[in-house]
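This report refers to the structure that appears directly beneath it.
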Amino acid sequence: MPIVTSSPAPAASGTGTSTAPSSSAPDAGPTSGWGPDMWSGEWGSGMMGGGGGSWGPGMMGRGMTGNWWLAGDGSRVRTLDQARQRAAAFADRLGLRVGEVMQFSRNFYAELETTAGRPATEVLVDPADGAVQIEYGPAMMWNSDYGMHYGRQDQVRVSAAQARSIAGQWLRDHDGSLTAGEPDAYPGYYTLHTMRSGKITGMLSVNAYTGQVWPHTWHGTYIATSQG
């Protein structure tokens with residue numbers, strides 16, 4: 001069984017780095033942690049391949065230049081339907097479609113799928129102006145089709161069942177009240193909802209090659225979901 005560890009995550013401005021998912025995270029504003037310079041510490045600009053630690057053309061590797069960001073249109077995104085429309089505008093650029101959309105206190109989250117319905121990547125929609133970007137963390141760093149590890153050919157060592165077991169153990173170690181939902185298999189990793197008494201509280205991801213765990217600490221409080 002792969003070693004279970006926790007990856008560092010981008011900290012929301014003024015909150016510090018969280019070590020576990022939480023259903024009661026403070027609302028630090030609609031765009032907490034967004035934009036250039038959000039990366040600090042070991043997630044510095046040198047690692048990201050551009051100045052200021054921001055996303056930039058070329059960092060995604062062959063075929064991904066320019067596909068990491070969709071500028072906002074200046075209109076606030078207040079509903080799941082509006083977030084779906086913005087995510088769809090981004091997905092169209094990659095030949096993908098939008099699946100599940102979730103609303104949190106800090107952002108909207110959307111799953112992007114292939115035309116065959118397979119999970120492809122994850123994006124965030126900024127409620128302030130509708131900007132869309134590949135999600136921080138696993139989607140950015142682990143995705144082998146749409147992230148920094150584009151083209152990775154290593155053999156996957158962690159099955160979906162193992163990923164759920166690893167996630168469950170991590171949650172028991174960090175918050176005994178949370179359980180792991182069913183895993184969605186993205187290229188290079190799995191993402192699972194975290195649950196309390198059968199209700200969604202947030203999510204985390206498990207690396208499909210190493211078993212490393214990365215909680216999504218940047219969302220804030222879960223509000224609602226729209227299925228694709």
Query - Evaluation steps, side chain to side chain contact (heavy atoms under 4.5 Å, CB included), between Val206 and Trp170 - result: CA-CA 10 Å; Val206 178; Trp170 190 92; over 6 Å; no
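- Remark: Gln85 CD to Thr79 OG1 distance equals 7.0 Å, nearest 0.5 Å.
- Annotation: the span from Leu178 atom CG to Arg196 atom CZ amounts to 4.5 Å, rounded to 0.5 Å.
- The backbone N or O of Thr194 sits less than 3.5 Å from a side-chain atom of Thr201, completing a donor-acceptor pair.
- In this structure, the side chain of Arg164 engages the main chain of Ala180 through a donor-acceptor pair within 3.5 Å.
- Under the 3.5 Å distance criterion, the side-chain polar atoms of Arg93 are matched with a main-chain donor or acceptor of Trp69.
- Classified by interplanar angle (parallel below 30°, tilted 30° to 60°, perpendicular above 60°), the ring pair Phe104/Tyr109 is perpendicular.
- Rounding to the nearest 0.5 angstrom, the gap separating the OG1 atom in Thr179 from the CE atom in Met195 is 6.0 Å.
- Side-chain contact check for Glu122 and His216: no donor-acceptor pair (N or O, by modelled atom type) lies under 3.5 Å.
- Between the Arg78 side chain and the Ala83 main chain, no donor and acceptor come within less than 3.5 Å of each other.
- In summary, the side chains of Asp173 and Gln169 do present a donor paired with an acceptor at a separation below 3.5 Å, with no hydrogens or angles considered.
- Shortest non-hydrogen contact noted between Ala91 and Val98 is CB-CG2, 4.2 Å.
- Counting only distance, with no hydrogens or angles, the side chain of Arg157 and the backbone of Tyr209 share a donor-acceptor pair below 3.5 Å.
- Contact annotation: the side chain of Trp142 approaches that of Trp214 to within less than 4.5 Å [non-hydrogen atoms, C-beta and beyond].
- In this structure, the side chains of Arg97 and Glu113 come closer than 4.5 Å at one or more pairs of heavy atoms.
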**Report entry** Leu96 vs Phe90, side chain to side chain contact (heavy atoms under 4.5 Å, CB included): CA-CA, chis, key distance, verdict
**Finding:** CA-CA 9 Å; Leu96 302 173; Phe90 182 93; over 6 Å; no
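- Atom CG of Leu94 sits about 12.0 Å away from atom OG1 of Thr114, to the nearest 0.5 Å.
- Under the 3.5 Å distance criterion, the side-chain polar atoms of Asn143 are matched with a main-chain donor or acceptor of Ala120.
- Pairing each heavy atom of Thr115 with each of Gly95, the nearest pair is CG2-O, 4.0 Å.
- Here the closest heavy-atom approach between residue Ala87 and residue Val123 is recorded as CB-CG2, 4.4 Å.
- No side-chain heavy atom of Val77 sits under 4.5 Å from any side-chain heavy atom of Asp126.
- Between Phe108 and Gln82, the closest side-chain pair of non-hydrogen atoms is not below 4.5 Å.
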Query raised in the report: Could you walk me through whether Thr225 and Gln227 pass the side chain to side chain contact (heavy atoms under 4.5 Å, CB included) check?
Result: CA-CA 6 Å; Thr225 296; Gln227 299 295 334; 3.6 Å; yes
Requested in this report: Apply side chain to side chain contact (heavy atoms under 4.5 Å, CB included) to the pair His193 and Tyr222, showing each step before the final yes or no.
Outcome: CA-CA 11 Å; His193 292 154; Tyr222 168 75; over 6 Å; no
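- The shortest side-chain heavy-atom distance between Asp73 and Arg86 falls under the 4.5 Å cut-off.
- Within the 4.5 Å cutoff, the side chain of Tyr146 has no heavy atoms near those of the Leu112 side chain.
- His219 places none of its side-chain heavy atoms less than 4.5 Å from the side chain of Met102.
- Checked by atom type and distance alone, the side chain of Tyr190 pairs as donor or acceptor with a backbone atom of Val158 at under 3.5 Å.
- Scanning both residues, Ala139 and Thr121, for their nearest heavy atoms gives CB-OG1, 3.9 Å.
- Across every non-hydrogen atom of Asp184 and Pro119, the tightest pair is CB-CG, 4.3 Å.
- Rounded to the nearest 0.5 angstrom, Ser205 OG and Glu135 CD are separated by 7.0 Å.
- Separation of atoms OG (Ser144) and OH (Tyr189) is listed at 9.5 Å; rounding is to 0.5 Å.
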